[in-house]
2 protein chains.
Amino acid sequence: MARKPAEQTVHREEIVRAAAEVFHHKGYRGATMSDIAATVNLTAGSLYHHFPSKEELLIAVLDAGMTQIIAATQAIVQSDAPPADKLRAIARAHISGIITHHHIAVAVIFESRALLEKPGVRAPYVRQRDTLERLYRQVVEEGIAAGAFRALDVGIFVKAFFGALNWVSVWYREDGRLSEREIADEIANTFLAALTKV
Amino acid sequence: MARKPAEQTVHREEIVRAAAEVFHHKGYRGATMSDIAATVNLTAGSLYHHFPSKEELLIAVLDAGMTQIIAATQAIVQSDAPPADKLRAIARAHISGIITHHHIAVAVIFESRALLEKPGVRAPYVRQRDTLERLYRQVVEEGIAAGAFRALDVGIFVKAFFGALNWVSVWYREDGRLSEREIADEIANTFLAALTKV
DNA sequence: ACAATAATCAAATGGTGATTTGATTATAAA
DNA sequence: TTTATAATCAAATCACCATTTGATTATTGT
């Protein structure tokens with residue numbers, strides 16, 4: 001029982017996924033290195049060959065989540081669709097991300113708090129969060145400038161939108177009444193209605 | 001050093017507040033009984049005279065938070081104001097609660113997850129959460145029935161509203177650009193605009 | 001095939017932290 | 001004032017867990 005044959009060796013990304021899953025179910029503090037290791041058929045000690053600490057594991061999870069959603073959002077914002085379409089696409093991408101990478105999403109939304117006092121962790125996270133928020137603002141401001149949306153407090157609007165979307169991670173159920181797409185569209189409709197000029 | 005003079009004895013409610021504060025800053029798992037005890041000038045062991053376990057402390061915090069907001073919301077819903085006014089009042093009450101009892105609010109929103117797998121804890125919590133959600137729905141349905149609001153998916157609308165309001169606990173800063181009241185009204189305006197008939 | 005490197009494991013190590021226990025002193029009830 | 005009860009403390013207990021250490025085996029480059 002030492003090094004496993006090639007097809008069984010565990011790769012960094014599997015470990016990140018496993019960590020996200022365990023963080024989701026037990027929380028960062030409640031998760032043990034053993035739990036995470038067991039998920040990928042390793043022992044706790046072996047994880048240290050891949051990551052220097054439990055903290056770095058959470059950092060990797062947070063980064064994976066933020067990187068993913070920023071990329072998806074960036075693609076939408078840079079397209080030349082009308083602002084209303086962009087907003088709807090953003091809602092779909094956000095919710096799709098939350099559902100497809102549910103463990104990671106929950107870790108980002110709920111477990112990031114466990115590390116956010118540490119400046120070394122906080123700074124890059126906050127930078128990514130701000131990048132994302134800027135992208136959202138950009139779409140709303142674009143719409144207002146184009147006269148498609150009514151002028152309102154963009155900061156509050158975007159934060160409310162964010163909250164509504166993130167909150168989906170709390171109540172979404174596979175077997176729920178509505179599909180992922182329907183949920184995204186209903187939420188997008190709500191916020192688009194709020195942006196409509198009178 | 002044993003029993004303290006009467007004016008210095010610590011009461012249950014102070015402990016609950018202290019627990020909420022520590023849970024807020026360190027998370028349920030990260031908080032130690034010592035941390036909580038120190039906040040009210042006790043030793044860890046002494047807490048057990050007041051609460052049987054750390055778990056019961058979190059339960060007490062959750063209950064305090066839910067009871068408070070349900071009471072506030074109930075008063076509003078039972079009033080005879082028009083639905084739009086009720087919705088605005090609900091937003092104000094929700095945000096006021098989040099800001100005034102910030103530690104408790106954050107514990108309810110973010111730390112409840114730590115206990116929600118335990119059926120004995122989950123059941124009463126879910127009951128309260130459903131009660132609150134029903135009150136929100138009631139106002140929207142009332143408005144639709146009265147023809148004041150457009151018909152939309154009430155379930156999603158209410159969850160989005162909830163998410164937007166709860167999210168305030170993440171970004172609110174004492175020294176922010178807007179007052180508590182302005183934030184509540186801006187968010188209420190957004191959701192009311194979404195309810196307006198075309 | 002050999003040497004170097006990578007991936008693993010089992011078994012420490014060192015702490016920490018929830019809860020228990022057995023005094024000890026203040027308050028309240030009789 | 002006695003006696004019972006309440007509130008506290010200091011010092012165990014007992015687990016659990018992140019991380020380290022020293023083998024051990026697979027893979028890879030030469």
Side-chain angles (χ1 to χ4, degrees), chain A residues 1-62 107 111 114-115 117-118 120-121, chain B residues 1-62 107 111 114-115 117-118 120-121:
Chain A
M1 279 187 239
R3 181 166 185 170
K4 292 172 176 171
E7 343 81 61
Q8 296 175 40
T9 59
V10 177
H11 296 287
R12 186 188 164 90
E13 209 191 309
E14 309 172 50
I15 297 177
V16 173
R17 271 200 296 274
E21 181 176 341
V22 178
F23 290 156
H24 171 196
H25 291 308
K26 307 202 168 180
Y28 173 66
R29 298 268 191 171
T32 71
M33 291 300 267
S34 249
D35 291 333
I36 299 169
T39 306
V40 288
N41 295 306
L42 288 182
T43 58
S46 301
L47 285 182
Y48 289 83
H49 186 72
H50 302 271
F51 287 88
S53 66
K54 186 178 168 185
E55 187 172 317
E56 286 295 331
L57 266 172
L58 178 53
I59 292 175
V61 170
L62 299 183
E111 300 305 325
L115 291 186
E117 322 104 40
K118 316 213 167 190
V121 182
Chain B
M1 275 185 243
R3 181 167 183 168
K4 291 173 178 171
E7 343 81 62
Q8 296 174 42
T9 58
V10 178
H11 296 286
R12 185 188 165 91
E13 208 189 309
E14 309 172 50
I15 298 178
V16 172
R17 271 200 297 273
E21 181 176 341
V22 179
F23 289 156
H24 172 196
H25 291 308
K26 307 203 168 183
Y28 173 66
R29 298 270 191 169
T32 70
M33 291 300 268
S34 251
D35 292 333
I36 298 168
T39 306
V40 288
N41 296 306
L42 288 183
T43 59
S46 301
L47 284 183
Y48 289 84
H49 186 71
H50 302 273
F51 287 89
S53 66
K54 186 179 168 185
E55 188 172 316
E56 287 295 331
L57 266 172
L58 179 52
I59 292 175
V61 171
L62 299 183
E111 300 305 327
L115 291 186
E117 322 104 40
K118 315 213 168 189
V121 182

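Within every chain, numbering begins at 1; the chains are lettered A, B, ... in the order of the sequence lines, protein sequences first and strands thereafter. All of these numbers come straight from a predicted model, not from anything done at the bench.
- The nearest whole Å value for the distance from the CZ atom in A/R29 to the P atom in C/dG15 is 18 Å.
- In this entry the distance linking NE2 of A/H49 with C1' of C/dT8 reads 8 Å, nearest Å.
- Taking both residues in full, the closest heavy atoms of B/V10 and B/V40 are given as CG2-O, 3.5 Å, listed atom of the first, atom of the second, then distance.
- Computed from coordinates, the A/F51 CZ to D/dT20 P distance equals 16 Å when rounded to whole Å.
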**OP:** Begin with the C-alpha distance, continue with both residues' side-chain angles, and end with the deciding distance and a verdict on side chain to side chain contact (heavy atoms under 4.5 Å, CB included) for B/T32 and B/D35.
**Re:** CA-CA 5 Å; B/T32 70; B/D35 292 333; 3.1 Å; yes

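- The separation between A/E55 atom CD and D/dA18 atom C1' is 12 Å, rounded to whole Å.
- Residues A/R17 and A/E13 are paired through a salt bridge, judged by an N-O separation under 4.0 Å between the basic side chain and the carboxylate.
- For A/H50, a side-chain nitrogen or oxygen approaches OP1 or OP2 of C/dT8 to under 4.0 Å.
- The distance between atom NE2 of B/H11 and atom P of C/dA26, rounded to the nearest whole Å, is 17 Å.
- Taking only side-chain atoms of B/V10, from C-beta outward, the nucleotide of D/dT8, C/dT19, D/dT19 with the closest atom is D/dT8.
- Across all strands shown, A/N41 has heavy atoms under 4.0 Å from sugar-phosphate atoms exclusively, and none from any base.
- With rounding to the nearest 0.5 Å, the separation of CG in B/L57 from NE2 in B/H50 is 10.5 Å.
- The nucleotide whose nearest atom lies closest to any side-chain atom of A/T32 is, among D/dC17, C/dA18, C/dC9, D/dC17.
- Between C/dT8 and A/S46, no contact under 4.0 Å exists linking OP1 or OP2 to a side-chain N or O.
- The A/A44 side chain lies nearest to D/dT19 when the options are C/dT19, D/dT19, D/dA7.
- Rounded to a whole Å, the OH atom of A/Y48 is 16 Å from the P atom of C/dA10.
- A/D35 has its CG atom 12 Å from the C1' atom of D/dA18, to the nearest Å.
- Within the 4.0 angstrom heavy-atom criterion, no nucleotide atom of any strand lies near A/A37.
- For the residue pair B/S53 and B/Y48, the shortest heavy atom distance occurs at CA-CE2, 4.1 Å.
- One interatomic measurement links the two molecules: NZ of B/K54 to C1' of C/dA18, which rounds to 8 Å at whole-angstrom precision.
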